[in-house]
Structures are given as C-alpha cells and as structure tokens.
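The residues of the chain are indexed from 1 along the displayed sequence.
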Amino acid sequence: MSQKNSFVRLSLSYLILIILSVCALYPSIWVVVSSFRPGGSLYSKNFFPEKWTLDHYVTLFTGTQYTFDIWYMNTLKIAFFTMICSVFLMTLSMYALSRFRFRGRKTMLSAMLILGMFPGFMSMIAIYIILLQLNLLDTHIAMILVYSAGAALGGFIVKGYFDTIPRSLDEAARIDGASHLQVFLKIMMPLSKPILTFVALTSFTGVWGDFIFARLVLRSKDNYTVAVGMYELIASQTNSYFTLFAAGSVIIAIPITILFLILQRFLVQGLTAGAMKG
C-alpha cells in the first residue's frame, strides 16, 4: 500500500511539473515561432507558419522608421554601468554593515528593511521631480543613478553572505599588517564570487527589462531603451507590428538567456549562501 501511495504521489508531482512547464514554455515558444511568421498578426490557424521568414529581424535593424540598434545599445549601456555601480555600492556598504560596529548601524539596517517593504513605483513621482529640478530628465545618467541607488537598498542577501565568511580570516590578515581595504580586496572579494555574480546578474537583468521607470524618464526617441521602443511599436491603434514585436522580444531575450546559462551555478550558490544568515 505504501509503495502504491508513493507511486501516486510521484505521478501527481510529475503531472503538475509537466503542466507548469507547458504553461511556462508555450507562450515563449509561440513568440519565437511568431517572429518567423509572415505578416503583422500573431494569430494564426496553425501553430507553425506555413512559410518561414527572417524579414522581421532584418526590418528591425534596417528599417528607416525604427532605431532598434540604438535602443539596444542604449539598454546595454544603462544595464552595464548600472551593474558595475550596483556591485560597487552594494559590496562596500554591506561589507561595512557586516564587519564593522558603529553608532546607527541597527537603525540603518532597520530603515533599509522598512524601505524595502514598499514598492519602488511609490517613489517615482518624487524621483521625477528631483530629476526635473536637476535637469536630468531624458538622460541615461539619471537612470543609472536611480537604478544603482535602488539596488544598494536591497543588499541584505549580500550582507548575509559576508556574515558567513569567518571573521578569523579578517583577524589573521589584520595581525599580518593588512589594512581594511586590503582585507576587502584580497580576502572578501575572492571569496564572494558567487554573491557578486548574483548581484551583477540581477542588476543587469532588472534594468534590461524595466519599462515603467524608463517610460517615465525618457522622452526622445533616440534615448529610448528597448522596452520603451518596443512598446511604441504597438502602442498606437494604427500599428499592428506584432510579429515585429515578437522578433524584437527574441533578440532581447538572447543575452539574458546566455548569461543565465553560463552563470547559473554561481547564481544558485550566491542565492542560497546569502540566505543562510542575515
């Protein structure tokens, strides 16, 4: 009887996993297939098109009314510099909060925790007014600054990872005459590759697919990111470039997919290790 119950539970688990996989993969496969379908409509009687075409991919980069290559490079620039700044700010701040004891430390941690409970879009009006007064609207530097500062507020997982590294390593290095900066660069950084990879990847992917804040800040077409630019393709009722939108979605997903496949081992290590101790 117990073997029969185990078999039933295992069968149900596999059935649920298969259903979830189909629900997750079917829309993605539909978008990929639709990007090769002639015409401008995503709807078709057949799942696979009768005729395959690469015209939509060619149009994205050669069409005179589109600047997809500019949007792509804008997004790549913003995501890259945000990733660098986020890793820099988060590792330095969380290292200080993890290793040093100073007045106001617990208050700072509590404030960061409370601020992290509120959704980011609640502060968008205030951020918009600040950027307007600083003449930073419609600039990429504004987005990099806001994204980087916002990422630093969510660094508890980095602090948790630093807490798991034995303090005896710091003390041994200090006895040998190492400064705090040398301890950070030569001991903490090499031991923190998994969490640094996690922070870099999440910072990059978060910026890569963000639409709401980019739509709020960016105004001129040449400064658009791919998310805002692709939205403009189908925002108007007169536009029906849904297959073109599908082709752009596939191109946008390629670098993120490659990064996850290459760095998934470090991603899992950083996520699990940073969650052990806070």
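- Separating the CZ atom in Phe88 from the OG atom in Ser148 is a distance of 11.0 Å, to the nearest 0.5 Å.
- Considering all non-hydrogen atoms of both residues, Ala24 and Ser28 come closest at O-OG, 3.6 Å.
- His56 has its ring centre no less than 6.0 Å from the ring centre of Phe245.
- Residue Trp71 is tested with Asp69, Thr67, Asn74 for a side chain to side chain donor-acceptor pair (under 3.5 Å); the sole match is Thr67.
- A donor-acceptor pair under 3.5 Å is formed between the side chain of Asp138 and the backbone N or O of Arg219.
- The existence of a salt bridge linking Asp170 and Arg174 is excluded, since no basic side-chain nitrogen approaches an acidic carboxylate oxygen closer than 4.0 Å.
- The number of heavy atoms from other shown groups lying within 6.0 Å of CG (Leu132) is above 12.
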Handout entry: Worked verdict on Met230 versus Ile252 for side chain to side chain contact (heavy atoms under 4.5 Å, CB included)
Key = CA-CA 10 Å; Met230 295 301 294; Ile252 294 171; 4.0 Å; yes
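- Closest approach of Leu136 to Ile141, counting heavy atoms only: CD2-CG2, 3.9 Å.
- Listed here is the closest heavy atom pair of Lys193 and Thr197: O-OG1, 2.7 Å.
- A donor-acceptor pair under 3.5 Å is absent between the side-chain atoms of Thr53 and the main chain of Arg37, judged by distance alone.
- Atom CG of residue Leu201 and atom CG of residue Leu196 lie 12.5 Å apart, to the nearest 0.5 angstrom.
- Between Phe260 and Thr205, the closest heavy-atom pair is CE1-CG2, 3.8 Å.
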Exercise for the section: Begin from the C-alpha positions of Ser35 and Tyr57 and carry the test side-chain hydrogen bond (donor to acceptor under 3.5 Å, both in side chains) through to its verdict. Expected result: CA-CA 8 Å; Ser35 67; Tyr57 292 93; 2.7 Å; yes
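- Put simply, Leu25 and Ile19 are part of two different groups of oily side chains (I, L, V, M, F, W, Y) that touch within less than 4.5 Å, one to the next.
- By the salt bridge (Lys or Arg N to Asp or Glu O under 4.0 Å) test, Asp210 is found to be paired with no residue, residues two or more places apart in sequence or in another chain being considered.
- At least one side-chain heavy atom of Met94 sits under 4.5 Å from a side-chain heavy atom of Met112.
- Under the 4.5 Å side-chain contact rule for hydrophobic residues, Leu109 and Phe102 share a cluster.
- Residue-environment remark: CZ (Phe81) stays at or below the threshold of 12 foreign heavy atoms within 6.0 Å.
- Scanning both residues, Gly229 and Tyr224, for their nearest heavy atoms gives CA-CD1, 4.0 Å.
- In terms of hydrophobic clustering, with Ile, Leu, Val, Met, Phe, Trp and Tyr side chains grouped at heavy-atom distances under 4.5 Å, Leu15 and Leu17 are assigned to different clusters.
- We find the CG-CG distance between Asp55 and Leu60 to be 11.0 Å, quoted to the nearest 0.5 Å.
- Within the model, atoms CZ of Arg99 and CZ of Phe162 stand 8.5 Å from one another, a figure rounded to the nearest 0.5 Å.
- Cluster membership check: Met73 shares its hydrophobic cluster with Ile258, using side-chain heavy-atom separations under 4.5 Å among Ile, Leu, Val, Met, Phe, Trp and Tyr.
- Checked against the 6.0 Å centroid threshold, Tyr147 and Phe213 count as a close aromatic pair.
- Side-chain contact of Asp222 with Ser220: a donor-acceptor pair under 3.5 Å is absent, judged by distance alone.
- Applying the 6.0 Å contact sphere to OH of Tyr14 captures no more than 12 heavy atoms from other residues, nucleotides or ligands.
- Leu261 and Leu259 end up in different hydrophobic clusters when Ile, Leu, Val, Met, Phe, Trp and Tyr side chains are linked at under 4.5 Å.
- Using a 30° and 60° split on the angle between ring planes, Phe36 and Trp52 fall in the tilted class, from 30° to 60°.
- Of the candidates Leu145, Ile144, Val146, Thr82 forms a side chain to side chain contact (heavy atoms under 4.5 Å, CB included) with just one, namely Ile144.
- Below 30°, between 30° and 60°, or above 60°: for His180 and Phe100 the angle between ring planes is above 60°, a perpendicular geometry.
- Between Phe80 and Phe204, a ring centre-to-centre spacing not shorter than 6.0 Å is recorded.
- Of the possible polar contacts, none joining the Ser192 side chain to the Ile195 backbone as a donor-acceptor pair under 3.5 Å is found.
- Note that OG of Ser249 is 11.0 Å distant from CD1 of Ile254, once rounded to the nearest 0.5 Å.
- Atoms CE and CG, from Met143 and Leu131 in turn, are 10.0 Å apart once rounded to the nearest 0.5 Å.
- Arg167 CZ: more than 12 foreign heavy atoms inside a 6.0 Å radius.
- The shortest non-hydrogen separation linking Leu169 to Leu191 is CD1-CD1, 3.7 Å.
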